[in-house]
Amino acid sequence: MTESSEGGPEIHFYNTLGRRRERLRPRVPGRVGVYTCGPTVYAASHIGNLRTFVFEDLLRRALELRGLEVTQVMNLTDVDDKTIRDAKETGKSLAEVTDPWVDAFFRDLDRLHVQRAHEYPRATDHVPEMIALVERLIERGHAYEREGSVFFRIASDEDYGKLSGIDLEGVQQGERVASDEYGKDDARDFVLWKAAKEGEPSWESPWGEGRPGWHIECSAMSMRYLGESFDIHCGGVDNIFPHHDNEIAQSESATGETFVATWLHAEHLIVDGQKMSKSLGNLYTLDDLLERGVDLRAVRYLFLSVHYRQKLNFTFEALDGAVAALRRLDEMRFRLDHAREGEGGPRLAKAAAVLRRDFRAALADDLNTSAALAAVHGFVRKVNVAIEKVELGRGDKEAVTSALADADSVLGVLDPAAWDAGGDTAGDGLDDDAVEELVRQRQAARESREFAEADRLRDELVEAGIVLEDTPQGPRWKRR
RNA sequence: GGCGACGUGGCCAAGUGGUAAGGCGAAGGUCUGCAAAACCUUUAUUCCCGGGUUCGAAUCCCGGCGUCGCCUCCA
């Protein structure tokens with residue numbers, strides 16, 4: 001099976017490596033290995049992190065829509081300067097510090113309906129693989145040991161920097177040698193293995209006690225689960241240099257093979273036109289948004305409405321737009337539920353086919369979600385028109401529902417029922433029987449032309465979060 | 001200073017050579033007792049500014065202006 005065996009459009013991505021749009025050619029036809037840089041588990045994810053994770057979820061779902069079998073791996077960095085710092089300060093073990101953040105991370109993914117990757121390897125569980133990789137690099141002359149630490153020798157890799165295009169000749173040497181970087185031969189060299197410091201977590205290694213550097217973690221774990229050469233590697237744009245350049249240097253110097261075919265990078269999210277930062281007070285976590293009463297479904301919609309290589313300007317006004325757009329989609333479902341199918345054959349089959357076609361074409365074009373959503377909205381209009389004109393044929397409801405479900409297998413935002421489970425809207429107010437009774441009373445008042453009374457009853461319902469709609473078939477209601 | 005991305009209607013946002021998708025908002029209309037929802041119509045002769053290439057440019061080139069980001073462990 002190839003990626004276009006089902007007859008859909010060829011899938012293209014913009015590859016950061018080479019800065020070109022390229023056709024996806026899986027190494028193994030029908031299968032795609034994807035490595036996505038995950039979180040360092042020392043704090044709650046902010047919406048910028050989550051934008052990238054939603055992008056990666058979109059990628060995975062879009063590939064699966066096309067019948068590709070995806071293996072997605074995301075690392076959990078549970079040993080680094082920050083986790084160590086926090087462990088020291090609290091007197092806890094590394095695991096005690098990171099475990100709660102791992103849980104928080106998964107909770108955030110769930111709250112945004114991000115599907116789970118197939119593997120979430122933790123750095124601390126893969127130290128032997130990292131040590132083995134470092135040994136390989138030393139054997140091949142790409143790394144050297146100094147005072148218990150091991151460094152990658154950038155001068156040994158003539159391709160170094162091919163991803164970012166950086167020219168390290170221009171980087172001032174000697175100026176920024178951090179205090180823990182001991183005796184590097186060249187200021188540009190980066191650390192693969194760090195000699196242990198007093199009182200810090202460490203592992204046995206051929207170079208004494210120490211811990212792995214950050215970059216080697218991703219190389220070792222991606223190769224462990226996806227092979228020494230695989231299809232797609234993702235991350236935020238800030239990872240291009242140095243993290244991903246370093247990964248490439250390490251991996252390719254160790255194996256002599258191409259590490260990754262396609263590199264995809266998500267642009268950053270900014271807030272009110274500015275970079276998020278704690279000092280500006282515009283750094284939001286999901287908990288922050290929930291406190292403000294934000295609907296997380298709208299957050300996911302907003303994320304999807306902007307192309308992943310475009311900066312996403314997060315504003316509450318934009319969020320309101322997302323809420324309204326979703327309301328329109330939900331309204332169509334509601335109307336469809338109450339619509340009646342006529343005797344004729346299906347009339348929306350063509351519209352459904354157009355949606356499937358345009359939706360696939362949009363995603364195949366470097367995950368153009370804006371265009372994909374436009375296809376959905378175009379479909380919604382057609383369905384609304386058909387309902388309006390009472391032109392639903394036999395089987396149309398099913399056709400519409402299944403076409404939307406097809407799109408939603410990628411978007412994950414169209415089905416309100418899937419998001420209601422949290423159920424914080426229910427509980428307060430009237431139960432269904434009470435609502436029905438009030439609706440009946442109001443209808444009676446209307447029929448006897450006591451409109452003041454009818455409006456009073458409607459206001460009462462609105463107070464309780466009930467929306468009334470009068471239709472030729474009589475009144476109907478729903479909870480807002 | 002070096003490197004890069006971006007600048008499309010009130011807001012969000014597609015479109016990268018062939019004559020401006022979509023959503024939100026706004027205005028008018030149909031429907032309604034009034035609403036709500038839906039539908040119809042309108043809302044960028046124009047894509048930051050100035051040149052240039054071309055039969056033709058939002059799309060390519062040059063020069064400005066502006067915004068955002070990266071420059072050794074931040075998605």
Side-chain angles (χ1 to χ4, degrees), chain A residues 19 21 36-40 45-56 77 80-82 154 164-168 170-172 176-178 181 187-191 194 213-215 217 234-243 245-246 265-270 273-277 301-302 305-307 309-315 317-329 331-332 334-335 358 362 365 368-378 380-381 383-385 387-389 446 449-452 454-455 458-459 462 467-472 475-478:
Chain A
R19 317 264 165 180
R21 191 171 168 281
T36 49
C37 276
T40 299
S45 298
H46 59 244
I47 55 178
N49 299 316
L50 292 163
R51 188 233 179 154
T52 298
F53 300 143
V54 168
F55 149 66
E56 288 156 352
T77 298
D80 81 318
D81 290 349
K82 290 175 185 117
I154 280 182
S164 67
I166 196 168
D167 177 11
L168 283 188
V171 174
Q172 324 90 307
R176 299 201 52 175
V177 183
E181 308 239 313
R188 303 171 305 171
D189 293 346
F190 60 89
V191 68
K194 296 185 176 188
W214 177 42
H215 311 299
E217 167 193 324
C234 306
V237 286
D238 54 295
N239 281 154
I240 296 172
F241 181 83
H243 186 49
D245 267 328
N246 288 172
H265 291 96
E267 246 299 351
H268 278 178
L269 174 151
I270 56 180
Q274 291 184 293
K275 183 180 183 177
M276 269 193 303
S277 75
Y301 183 96
L302 178 63
S305 69
V306 182
H307 186 88
R309 284 193 288 110
Q310 201 72 33
K311 272 189 271 289
L312 191 157
N313 188 13
F314 183 94
T315 65
E317 194 183 356
L319 207 48
D320 289 343
V323 169
L326 284 170
R327 191 161 32 210
R328 175 177 164 80
L329 294 167
E331 193 64 38
M332 189 226 75
F334 178 68
R335 299 178 80 225
D358 291 351
D365 180 16
N368 190 337
T369 42
S370 303
L373 286 171
V376 171
H377 282 111
V380 166
R381 164 143 292 141
V383 174
N384 275 330
V385 169
I387 294 171
E388 182 85 2
K389 294 183 175 171
R446 288 182 72 210
R449 306 195 65 78
E450 295 164 20
F451 294 123
D455 289 348
R458 182 169 64 193
D459 289 345
V462 168
V467 179
L468 261 186
E469 296 181 2
D470 295 321
T471 76
R476 63 191 184 200
W477 61 275
K478 62 182 174 182

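Below, chain A is the first sequence line, B the second, and so on; all start at residue 1.
- Among the protein residues, A:Asn384 comes within range of the sugar-phosphate backbone only, with heavy atoms under 4.0 Å from sugar or phosphate atoms but none that close to a base.
- Atom-to-atom, CD1 of A:Ile154 to P of B:rC73 comes out at 13 Å; the value is rounded to the nearest Å.
- Using a 4.0 Å heavy-atom criterion, one finds that A:Asp455 contacts the bases of the nucleic acid, with or without backbone contacts as well.
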Between the protein and nucleotides 12-19 of chain B, which nitrogen or oxygen pairs come in under 3.5 angstrom?
residue	atom	partner	partner atom	Å
B:rA13	O2'	A:Ser370	OG	3.2
B:rA14	OP1	A:His307	N	2.9
B:rA14	O5'	A:Ser370	OG	3.2
B:rA14	O3'	A:Asn368	ND2	3.1
B:rA14	O2'	A:Asn368	ND2	3.4
B:rG15	OP1	A:Asn368	ND2	3.3

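- On a pure distance criterion of 3.5 Å, no polar donor-acceptor pair joins the side chain of A:Arg449 and the base of B:rG33.
- A donor-acceptor contact closer than 3.5 angstrom links the side chains of A:Ser164 and A:Asp245.
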**Q.** Sequence-aligned protein contact record of nucleotides 25-31 of chain B, with B where the base is within under 4.0 Å of a protein heavy atom and S where only the sugar-phosphate is
**A.** -------

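- Contact annotation: A:Lys194 does not reach the phosphate of B:rC73 (side-chain N/O to OP1 or OP2, under 4.0 Å).
- Using a 4.0 Å heavy-atom criterion, one finds that A:Gly273 contacts the sugar-phosphate atoms exclusively.
- Pairing of B:rG17, defined by two Watson-Crick or G-U wobble distances under 3.5 Å, is not identified with any nucleotide.
- Listed by chain and number, the residues in a salt bridge (charged side-chain N to carboxylate O under 4.0 Å, His left out) with A:Arg309 are A:Asp366 (sequence neighbours excluded).
- At a cut-off of 3.5 angstrom, the base of B:rC40 holds no donor-acceptor pair with the side chain of A:Arg381.
- When heavy atoms are screened at a 4.0 angstrom cut-off, A:Lys478 is found touching no nucleic acid atom at all.
- No hydrogens or angles were tested; on distance alone, nothing pairs the side chain of A:Arg328 with the base of B:rA37 as donor and acceptor under 3.5 Å.
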